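Report on the structure given below.
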Amino acid sequence: MLKKFSFSKKEKLKSRKQLAQLFATGKYFTTFPVKIFFIENQKPEAINIKIGVGVSSRNFKKAVERNRIKRLLRETYRVNKMPLVDFIDGNKKNVSIFFLYIDKVMPTHVLLKSKMPVIIDKLIKQLSETSITNT
RNA sequence: CUACAAACCCGAACUAUCGAGUUAUAAGUAAUUAUAAUUAGGAAAGUCUGGACAGCAUAGAGCAACUCACCGGCGAAUAACCGGUCUCGUGAUAAACGAGAAGAAAGUGCCACAGAAAAUAACUUCAUACUUAGGUAUGACAAAGGUGAAAAUGUGAGGUAAGAGCUCACAGUAUUGCAAAGUAAUUUGCGAUACGGGUAAACCUUGAGUGCUGCAAUGCCACGUAUAGAGCCGUUUUAAGAGCUGCUCGUUCAAGGCUCAGGGUAGGCAGCAACAGGUGUUAAGUAAUUAGCAUCGCAGAUAAAUGAUAGUGUAAAAACAGAAUCCGGCUUAUGAGGUUUGUAGCUUU
């Protein structure tokens with residue numbers, strides 16, 4: 001069992017192969033200022049959700065700013081992930097998700113904090129739709 | 001005390017809640033869990049340099065290419081660090097600061113505009129020859145022309161028809177002999193010779209030096225595919241081709257090799273965090289630095305940890321900014337303040 005608000009190394013999306021597959025064949029939607037890529041994996045694994053975060057180096061040239069955005073994205077996901085975890089565990093799915101920040105302005109923590117529950121809700125909705133069409 | 005300049009220091013703190021990487025200990029067959037410790041910089045940046053380390057080569061020679069260029073010291077090493085010498089600039093002929101440093105008398109080239117001329121000087125001048133004249137050709141020597149960033153070393157005297165380093169004196173620059181000082185660059189003094197510009201960041205010459213590639217190096221383990229296809233060369237020591245830096249020579253290996261197209265993998269471990277280590281102190285040295293003693297263990301990720309929120313507090317949750325093999329130096333960016341030194345001003349005595 002995972003702890004309630006933890007975000008360990010195991011939950012990170014690390015494999016280069018999985019990432020390439022995610023961007024090539026995965027679905028996506030945009031909730032400004034974040035673009036979300038997601039894909040359902042067929043092989044079951046020990047950890048059901050894997051998360052990656054990213055910022056375009058074209059929009060933010062300095063590494064300090066990119067680090068800051070990635071940390072904020074991870075932090076807001078960590079705090080707000082419980083509904084998604086419950087949904088995934090309940091339906092026995094296995095998904096990979098990637099959050100890509102697309103705005104060109106530095107975000108505030110308040111903004112992302114308000115957006116993240118919306119994103120999670122939308123994600124749950126989309127995942128349940130796909131499972132209906134698949135079955 | 002204030003202002004300015006330079007150098008150096010610092011690069012905010014504490015509490016609570018939630019979370020991440022690494023290490024250690026304990027529990028567990030294991031996944032893992034618990035506890036404790038620890039977790040970004042002065043530039044981590046630019047990648048401009050010197051090394052360490054690793055692989056390849058070690059059969060070399062020549063050419064090419066690149067780097068450097070006053071002297072000494074330091075150091076693993078460097079043109080780059082420290083100290084000194086000389087020249088130039090700012091400045092007050094000072095102090096201080098800044099810039100520079102083989103060769104222009106080996107050769108080639110270039111020097112805008114203006115100017116007679118920008119470098120084997122000669123337009124205006126003079127002499128001679130030719131010509132009806134205007135002028136043309138050859139030779140001579142150089143003061144003045146008021147242009148330019150730069151014009152043939154400057155001043156004075158002699159000399160002469162008038163002039164000219166033509167001669168002399170003093171001064172300047174360069175080379176050089178002797179003596180003294182200094183480890184040396186060099187300086188000072190007494191002489192000799194020469195004086196017809198700059199540019200070497202234009203080519204170049206001289207001297208010294210440099211194997212090539214960089215941790216995406218490299219070694220190992222695991223997984224996986226195609227033993228399919230097309231083209232070219234060779235299998236006759238008369239050898240295709242490959243290695244040895246870029247080329248040439250030379251040399252070694254050599255029976256399969258090269259190209260196209262296509263397919264697979266892209267995980268893990270080591271390298272990789274203990275040292276040209278950090279901090280403090282004493283001694284030597286102008287300093288860079290070195291030596292002794294004490295003490296500390298000080299990031300190690302891999303789509304990539306080092307964080308988020310709230311409060312205390314403050315003028316302000318602050319500027320520049322995020323390790324990626326590791327060290328030395330350089331360069332660039334940078335908030336608020338502090339210390340020291342120098343200069344100027346004011347006040348007091």
Side-chain angles (χ1 to χ4, degrees):
Chain A
M1 265 305 283
L2 290 164
K3 275 185 75 179
K4 202 175 178 183
F5 293 114
S6 69
F7 183 66
S8 73
K9 204 172 169 180
K10 299 282 188 303
E11 288 181 72
K12 283 176 197 164
L13 185 57
K14 286 160 74 171
S15 162
R16 200 179 296 178
K17 194 180 174 185
Q18 284 181 4
L19 274 168
Q21 200 188 359
L22 173 62
F23 285 120
T25 63
K27 300 178 179 180
Y28 61 88
F29 63 91
T30 305
T31 303
F32 192 81
V34 183
K35 194 171 189 178
I36 295 98
F37 295 83
F38 67 98
I39 189 168
E40 275 194 70
N41 298 316
Q42 302 304 319
K43 288 185 194 168
E45 292 180 40
I47 305 296
N48 290 329
I49 311 175
K50 290 206 171 199
I51 298 295
V53 294
V55 190
S56 169
S57 59
R58 206 178 302 156
N59 292 340
F60 293 93
K61 285 185 179 176
K62 288 173 182 174
V64 173
E65 295 175 350
R66 291 200 297 275
N67 277 344
R68 166 83 184 168
I69 290 166
K70 287 196 272 187
R71 281 166 181 164
L72 284 174
L73 283 171
R74 271 199 297 268
E75 186 67 17
T76 48
Y77 168 77
R78 181 176 71 79
V79 175
N80 295 289
K81 71 174 182 176
M82 277 317 291
L84 183 66
V85 173
D86 288 339
F87 173 79
I88 298 292
D89 284 346
N91 291 290
K92 308 228 173 196
K93 286 175 180 295
N94 186 311
V95 294
S96 300
I97 306 169
F98 193 87
F99 297 93
L100 185 67
Y101 187 81
I102 54 172
D103 201 359
K104 291 181 182 175
V105 187
M106 272 299 286
T108 60
H109 179 257
V110 177
L111 176 73
L112 290 177
K113 207 173 169 183
S114 62
K115 288 284 179 187
M116 189 53 78
V118 179
I119 291 168
I120 299 288
D121 282 348
K122 209 165 178 179
L123 196 57
I124 292 170
K125 203 173 167 188
Q126 295 239 350
L127 280 170
S128 52
E129 277 174 12
T130 52
S131 62
I132 289 162
T133 51
N134 282 354
T135 51

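The model shown is predicted, which means the values in this text are computed figures rather than measured ones. Here is the naming used below: chain letters follow the sequence lines, and residue numbers restart at 1 for every chain.
Annotated as syn: B/rG42, whose O4'-C1'-N torsion sits within 90° of 0. B/rC48 shows a glycosidic angle more than 90° from 0 and is accordingly assigned anti. In this structure, B/rG165 is classed as syn because its glycosidic torsion stays within 90° of zero.
Between B/rC327 and B/rC296, the two P atoms lie 23 Å apart (nearest whole Å). When the C1' atom is compared between B/rA152 and B/rA117, the two are found 12 Å apart, to the nearest whole Å. Here the separation of B/rG163 from B/rU147, taken at their C1' atoms, is 25 Å to the nearest Å. Comparing the same atom, C1', in B/rA3 and in B/rA324 gives a spacing of 47 Å after rounding to whole Å. Nucleotides B/rU286 and B/rC8 are separated by 22 Å at their P atoms, to the nearest Å. B/rG21 and B/rA299: their C1' atoms are spaced 9 Å apart (whole Å). When the P atom is used for both B/rA43 and B/rC293, the distance is 30 Å, rounded to whole Å. Taking atom P on both B/rG46 and B/rC215, the two are 15 Å apart, rounded to the nearest angstrom.
Here the P atom of nucleotide B/rA304 and the NZ atom of A/K70 are 7 Å apart, to the nearest Å. Here the P atom of nucleotide B/rA301 and the CZ atom of A/R74 are 15 Å apart, to the nearest Å. The separation between A/L72 atom CG and B/rA308 atom C1' is 8 Å, rounded to whole Å. Spacing between atom OH of A/Y77 and atom P of B/rC18 amounts to 20 Å, rounded to whole angstrom units. Summarising the geometry, the separation between CD on A/E75 and P on B/rA20 is reported as 10 Å, rounded to the nearest angstrom.
Considering only side-chain N and O atoms, A/R71 lies under 4.0 angstrom from the phosphate OP1 or OP2 of B/rU306.
Under the Watson-Crick or G-U wobble criterion, with both distances below 3.5 Å, B/rA37 is paired with B/rU22. When both distances must be under 3.5 Å, the Watson-Crick or G-U wobble mate of B/rA16 is B/rU309. The pairing partner recorded for B/rC346 is none, the criterion being a Watson-Crick or G-U wobble arrangement whose two distances lie under 3.5 angstrom. Shown here, B/rU85 forms a base pair with B/rA101; the pair counts as Watson-Crick or G-U wobble because both key distances fall under 3.5 Å. Remark: B/rU236 base-pairs with no nucleotide in the shown strands. Criterion, Watson-Crick or G-U wobble with two distances under 3.5 Å. With both pairing distances under 3.5 Å, B/rG191 is matched to B/rU176 as a Watson-Crick or G-U wobble pair. Base pairing annotation: B/rA162 forms no Watson-Crick or G-U wobble pair, as no partner gives both donor-acceptor distances under 3.5 Å. Nucleotide B/rU120 forms no Watson-Crick or G-U wobble pair with any nucleotide shown, as no partner meets the under 3.5 Å limit on both distances.
Here the closest non-hydrogen pair linking A/I119 and A/F99 is CG2-CE2, 4.0 Å.
Atom-to-atom distance recorded for A/R71:CZ and A/T76:OG1 is 14.0 Å, nearest 0.5 angstrom.
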